[in-house]
Every structure is written in C-alpha cells, then in structure tokens.
Engineer: 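Structure incoming, see below.
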Amino acid sequence: MSTNQEYLAQRQLKKGAAGWILLAGLGVSYVISGDFAGWNFGIAQAGWGGFVIAAVLMGVMYLTLVLSLAEMSAAIPAAGGGYSFARQAMGPAGGYLTGLAVLIEYTLAPAAIVIFIGSSVNELLGFDGPIVYALFYLVFIGIHIFGAGEALKVMMVISALAVLAIIATGVVLLPAFNIDNLFDIEPLIGGTDFLPMGYYGVWAALPFAMWLFLAVEGVPLAAEEAKDPAKDVPKGIIAAMIFLLCTAILVVVLVAGAAGAQVTAGSAVPLVDALNMTGNPNVATMVNVLGLAGLIASFFSIIYGYSRLVFALSRAGYLPQKLSLTSKRKVPVRSLIFPGILGFLLSLTGEGDLMLSMAVVGATVSYAMMSGSHILLRINQPGLARPYKTPGGVVTSGISFVLSLVALTGVYAYDVRAFYFTLVLFVIGMLYYAFIGRNNLVAKSAEEEFTLLSQAESELTAN
C-alpha cells in the first residue's frame, strides 16, 4: 500500500449507514428548531406581510440551492459537501473558503442552540448555565462517537417528536385563525398594514426568514455514508426541503393568525404562547416540552455536520491531519471533540443571538460559493457524470447566487457587529490557509484526492 493510500485508509467513514429516508430526516433535524422560535423576530422587523416577503425570498433561495446541491452531491459524493464541490470548481483556495464559511456556520450554530436549550431546561427544571451546556455536548458527542448509523436513527426519533408538536399546534390553532390578526401591528410613518415598517423591514427580516431553513444544505456532508450517494443524497435533501417548506407555512400563518402578529413578534416561545392564548394549556405544555426536542434535534445533527466537514478538510490537509483519524467504528472522533470544545467555550459567552447572526453570515457566503460552483462546473466540466440534473440548470443556481448575496446584506442591515466579527474570522481563517494549510494539501486537485480515496477504499476492501 502506498503512503497516500495508507494515509487515506486510516480516514474512512462507514459506508451504507444511511438511506434517503435517514438523510431526509437529517435535513429536517438540522432545521426543525427554527420552527419553534427565532423566525418570529422577523415579524418585529418587518410586520407579518414584510416577513412573508422575506420568507418567500429565502424559501426560493434555499429551494434553488438545494436543487443545485442535489446535482453536485450526486456527481461528487464526498464527505466535505460544499467544500468538495467548490474545490472541484474553483481549486484549493475556493474550496477552503467555502469550507471555512460552512465551518463558521456549523461551529457557531450549536453553541447558540445549546444556550437556548439551557433556557428551556431552566423553564422546565429550574437550572441553567455551563453545566447544562457541557452535559449536552458530552452526551450527544458521545452518541455520535458510538456510530453514524446509530446517531442518525436517534436523530430521526427526536425529530419525529418535534414534528409531532408542530403538527399538533397547527391542528389546534386552525379554528382560532383570524386573518385580521396578521395585520395588528401599527404602521410607522409611511408604512401600511401589510408593510408596517416599509421595505427596509423586509431587508432586515431576511436573517430571521433564513432560520426556517438554515443548515438543510448540510445533507451532502453525509454523502460518503449513504447507501447509494448518487440517488440517496438528492432524494434526501429535496424531500427535506419540501417538508420544511410545509412546516414553515404552517407556523408562519397559523401562529400569527391565532395569536396576532404583535404578540408573535415579541414571543420567546411563539407556538406555546399562541396555544395558551387560544385556551389550549395542555397542548401548550406538551409543545413546550417537545420544543426542547426540536432544539436538541438541531443541536445533535449540526454536531454531525461539523464533524464530517472538519474530517474532510483535515483529510485533505487544510486542517491538522490528525483531526481526520477515524476509530474502529469508522467515526472521526477528533473531528467531533475539538470543535465541540470550541463550541462549548463560545456558549459560555451567553451571546446566542450574536452567534446566530454570525452563523448566518458564514452560511450566506457558503451559499454564494456553492451556487457559483454549480455554475462553473456546468460551464467548465460539461462532461462530468451527473446522475441527477438540476431543473433549470445555471438559471436555478444563478437565482440562488443572487439571493444569497442579498441575504448577506440583510445581516448588515440587522446587526453590523455580527457582520464585522464574522469578517474577522474569515481573515484569520484565510491567513491560516495562506501560511499553513495550502502547504500541507494531500492532493493537488479535487480529482486527484477523489482518485486516491477510491484507490485506498479498494485496497482496504481487498485486504
């Protein structure tokens, strides 16, 4: 076995751990906590009508992005997801920038979510703080270390409980829906009942609209563990996106229509408050408990996502190569633990909202890079085998590209601090690449890396 093949043989994930249903469940798990809270603060920025415009724009962005990712994940089924696509399209620097953007998103998001988990635990059990954060990181990283297939199945169960809560909320609130409740926010000067804060509010609401779909793009990170990546990853990510569009419509329309836009805009637990206001305290208690399941599902699944990304970046040499060593169970243990320690330390700041805004900056940069990768691959590599082709081709990915840049500016409109803090992280990350990462790459190109990986897998199977 050659040196490169031996190196890659020590860095293998468990093949066939996930079919398309588990992958769809993973996509829903990434996002489901966003249906319970966070999105509603966009109504405070734009009113219900303005937020709906923002949500439609972001729904279109995510749908076109997902359709673009479905094509690339079938053609390039690697654990790095967007990083792998960008490296093939733009070379090592473009691949690293994309990977860095996703890494910022996936490291900051669970740190923010675990703060929200702490608040929920405090409301239910009366305690909060670093001990709660540490306990959740330890337990759920531990489950991931046990094995990918087992972890994905646990995620499915937790996500199913959260989905049950959302459906129950919709059924109970439907009789209380009143269209007048959607427009009960007093317009500012120059505003209207539909757009009480004008069009500027729509712009500032974009980051909150993203919260209804944020992180669904992580499904391709499981490509190397799929049973049939060319078929399972496209089916899984598209099914997840369609399901999330349905749950987004349900909560945005029915919660505000029952409780009123004004109340919904300022609620920390909008589903629970809407149920209490409409005389359903028992269902409200159930949804409050299962809302914690939704937070846990997103926390749990994004840990999975960051571990596969760090694994892929480390295996390629961008990050320290020891991070990508896998256990006997084919689990990248170090890629789970070290970002988890960083996330825990970030959670100690208690700045959940700031970290979420910074995560959105990382996300939008990665979306632009991934959409651009789809366009470049279509133009420069027309002969690349594509088991699934994006409907609309580069027009579809072009829409995603433009809307991702618009969404990026939305963070600037809402929170300038988050925009500039994240820019600092990008500068630090690119300096690391310039002086260290680019000198340690295992392969000169994406094609060479995939070829070496395939050879290592064949050698391992033969032995």
Side-chain angles (χ1 to χ4, degrees), residues 28 31-56 58-59 112-113 115-124 161-185 196-197 201 204-214 244-298 352-353 356-357 414:
V28 173
V31 184
I32 198 67
S33 65
D35 282 330
F36 286 90
W39 60 269
N40 55 302
F41 298 131
I43 297 178
Q45 298 295 319
W48 187 83
F51 179 71
V52 166
I53 295 174
V56 168
M58 293 300 91
I113 292 170
I115 293 171
F116 302 148
I117 288 174
S119 297
S120 294
V121 170
N122 188 46
E123 191 161 323
L124 292 169
L161 292 173
V163 169
L164 175 64
I166 292 170
I167 293 172
T169 299
V171 170
V172 172
L173 291 182
L174 186 58
F177 176 81
N178 184 337
I179 195 168
D180 293 335
N181 289 338
L182 302 175
F183 310 107
D184 64 356
I185 293 178
M197 287 77 172
L206 291 173
F208 300 101
M210 285 180 62
W211 195 232
L212 292 165
F213 312 105
L214 185 73
L244 291 166
L245 285 169
C246 293
T247 58
I249 293 169
L250 190 152
V251 296
V252 171
V253 175
L254 292 183
V255 172
Q262 185 75 55
V263 171
T264 302
S267 173
V269 281
L271 277 66
V272 174
D273 284 347
L275 289 164
N276 279 323
M277 286 184 64
T278 54
N280 298 284
N282 293 332
V283 181
T285 301
M286 179 196 76
V287 169
N288 201 18
V289 173
L290 295 184
L292 178 59
L295 287 168
I296 292 171
S298 294
D353 293 342
L356 277 182
S357 296
Y414 170 69

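Residues take their numbers from the sequence shown, with the count starting at 1.
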Engineer: Does the side-chain contact (heavy atoms from CB on, under 4.5 Å) test come out yes or no for V263 and M277, once each step is laid out?
Structural biologist: CA-CA 10 Å; V263 171; M277 286 184 64; 3.6 Å; yes
Engineer: Measure from the side-chain N and O atoms of N276 to the backbone N and O of A274, and report whether any donor-acceptor pair falls under 3.5 Å.
Structural biologist: no
Engineer: Evaluate side-chain contact (heavy atoms from CB on, under 4.5 Å) for T247 paired with V28, printing each intermediate quantity in order.
Structural biologist: CA-CA 10 Å; T247 58; V28 173; over 6 Å; no
Engineer: Can you see which heavy atom on A162 is nearest to which on G294, and at what distance?
Structural biologist: CB-CA, 3.6 Å
Engineer: Output the distance between atom CZ (F41) and atom OH (Y414), rounded to the nearest 0.5 Å.
Structural biologist: 8.0 Å
Engineer: Roughly how far apart are I296 CD1 and L290 CG, rounded to 0.5 Å?
Structural biologist: 10.5 Å
Engineer: Please report the closest heavy-atom contact between L245 and G59, naming both atoms and the distance.
Structural biologist: CD2-CA, 4.3 Å
Engineer: If you round to the nearest 0.5 Å, how far is CG of N122 from CD1 of I117?
Structural biologist: 13.5 Å
Engineer: Strictly distance-based, threshold 3.5 Å: is any side-chain N or O of W48 a donor or acceptor partner for the main-chain N or O of A265?
Structural biologist: no
Engineer: Evaluate N40 against V255 for side-chain contact (heavy atoms from CB on, under 4.5 Å), listing each step before the verdict.
Structural biologist: CA-CA 9 Å; N40 55 302; V255 172; over 6 Å; no
Engineer: What are the two closest heavy atoms between A112 and L356, and how far apart are they?
Structural biologist: CB-CG, 3.7 Å
Engineer: Looking only at non-hydrogen atoms, find the nearest pair between A209 and M58 and report the distance.
Structural biologist: CB-CG, 3.7 Å
Engineer: Do L292 and F116 have side chains that approach each other closer than 4.5 Å (heavy atoms only, starting at C-beta)?
Structural biologist: no
Engineer: Of V272, T169, V172, which meets side-chain contact (heavy atoms from CB on, under 4.5 Å) against N280?
Structural biologist: V172
Engineer: Of all heavy-atom pairs between A46 and P196, which one has the smallest distance, and what is that distance?
Structural biologist: O-CD, 3.6 Å
Engineer: Give me the atom names and distance for the closest heavy-atom approach of G260 to D184.
Structural biologist: CA-OD2, 3.5 Å
Engineer: Classify the ring geometry between F51 and W39 as parallel (under 30°), tilted (30 to 60°) or perpendicular (over 60°).
Structural biologist: tilted
Engineer: What's the separation between atom CD1 in I166 and atom CG in D35, rounded to the nearest 0.5 Å?
Structural biologist: 4.0 Å
Engineer: With rounding to the nearest 0.5 angstrom, report the OG to CZ distance, S357 to F208.
Structural biologist: 6.0 Å
Engineer: Would you give the length of the straight line joining atom CG of N181 to atom CD of Q262, rounded to the nearest 0.5 angstrom?
Structural biologist: 11.5 Å
Engineer: Could you check whether any side-chain heavy atom of I43 comes within less than 4.5 Å of a side-chain heavy atom of I185, counting everything from C-beta outward?
Structural biologist: yes
Engineer: Kindly determine whether F36 and N288 satisfy side-chain contact (heavy atoms from CB on, under 4.5 Å), including the steps that lead there.
Structural biologist: CA-CA 9 Å; F36 286 90; N288 201 18; over 6 Å; no
Engineer: Please check if the side chain of T278 supplies one atom and the backbone of L275 the other of a donor-acceptor pair under 3.5 Å.
Structural biologist: yes
